[in-house]
Amino acid sequence: VIKAFGVDGLKLDHSVESFKAIDKFFDLHAENGEARPGGRLSENQGAILFSIGSYVGNTIIKNVPEATWRTNDEDPQGEVNVEVILPDGTTIYPVQRTIKRFKNGDEDSIYAYGVIVVRDIARGDYWERSKEGGSGFAPALPKKPWWKFW
């Protein structure tokens, strides 16, 4: 996957930032849930989506200590349903997310997914950092009761 993306001038380096390159790849080679004619997703689409999803999962595992893959060899859809288990027990499905990105476009951004998983949820302190005015997405909670205006 890393070499294939390089052909398009897109760099993958197992960082969350590299997920932007995956989103750009989908913008270049898909539109409205369909592969662009002659684009990289016009042939071997299933294998390519699985490979990209595997890269996403491996990148999350490299960036989240103690995250691991879990597979079910009895599942006939095992390639699609492969899971990454985060240290707090949360289960995510990077291959499914990659397929959703292909089908739904930007609303299922791989970069946004990676940021939430790696920087916030997987580190286990998302809500605490939000309360303290940290880097969580929620605004800092007020220091005084909401009914006191001054």
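Values below: every heavy atom of this structure, side chains too, minus hydrogens, waters and symmetry copies.
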Do V80 and L41 share a hydrophobic cluster, counting only Ile, Leu, Val, Met, Phe, Trp and Tyr and linking them when any side-chain heavy atoms are less than 4.5 Å apart?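 Yes, same cluster.
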State plainly whether one hydrophobic cluster holds both V82 and I85, where clusters connect Ile, Leu, Val, Met, Phe, Trp and Tyr through side-chain heavy atoms under 4.5 angstrom apart.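 No; I85 is not reachable from V82 via cluster members.
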Other residues, nucleotides, ligands: >12 heavy atoms within 6.0 Å of E107 CD: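 Count over threshold, so yes.
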Do Y113 and F19 have their ring centres less than 6.0 Å from each other?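 Ring centres of F19 and Y113 not closer than 6.0 Å.
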Pair V95, L49 - check side chain to side chain contact (heavy atoms under 4.5 Å, CB included), show working. CA-CA 7 Å; V95 175; L49 293 175; over 6 Å; no
Nearest 0.5 angstrom please: [X] [atom1] to [Y] [atom2], how far?
X   : Y   : atom1 : atom2 : result
S42 : E34 : OG    : CD    : 12.0 Å
Y93 : E83 : OH    : CD    : 4.0 Å
I48 : H29 : CD1   : NE2   : 9.0 Å
L12 : S18 : CG    : OG    : 5.0 Å

Which residues satisfy the side chain to side chain donor-acceptor pair (under 3.5 Å) test with D108, sequence neighbours excluded?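 By the side chain to side chain donor-acceptor pair (under 3.5 Å) rule, D108 matches N104.
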Apply the test side chain to side chain contact (heavy atoms under 4.5 Å, CB included) to residues I92 and L86: give CA-CA distance (whole Å), side-chain angles for both, the deciding distance (0.1 Å), then the verdict. CA-CA 8 Å; I92 61 170; L86 301 175; 4.3 Å; yes
For D8, the option from R40, K3, K24 that meets salt bridge (Lys or Arg N to Asp or Glu O under 4.0 Å):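 Option passing the salt bridge (Lys or Arg N to Asp or Glu O under 4.0 Å) with D8: R40.
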Partners passing ring-ring contact (aromatic ring centres under 6.0 Å, His included) against Y55 (at least two apart in sequence or in another chain):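 Once residues adjacent in sequence are excluded, the partners of Y55 under the ring-ring contact (aromatic ring centres under 6.0 Å, His included) criterion are H14.
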Which pairs count as salt bridge (Lys or Arg N to Asp or Glu O under 4.0 Å) when at least one residue sits in residues 48-63, sequence neighbours excluded?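 For residues 48-63, and leaving out neighbouring residues, there are no salt bridge (Lys or Arg N to Asp or Glu O under 4.0 Å) pairs at all.
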Does the pair D27/R101 count as a salt bridge with the N-to-O cut at 4.0 Å?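 Looking at R101 together with D27, the answer is yes, because their closest N to O distance falls below 4.0 Å.
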Looking at every non-hydrogen atom in both residues, tell me the closest pair between S51 and V1 and how far apart they are.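 The answer is CB-CG2, 3.3 Å.
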Please walk me through it: do I61 and T68 pass side chain to side chain contact (heavy atoms under 4.5 Å, CB included)? CA-CA 6 Å; I61 287 170; T68 58; 5.5 Å; no
Pair F26, D106 - check side chain to side chain contact (heavy atoms under 4.5 Å, CB included), show working. CA-CA 9 Å; F26 282 114; D106 285 341; over 6 Å; no
Heavy-atom side-chain contact between I110 and T98 under 4.5 Å: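 Side-chain contact under 4.5 Å: yes.
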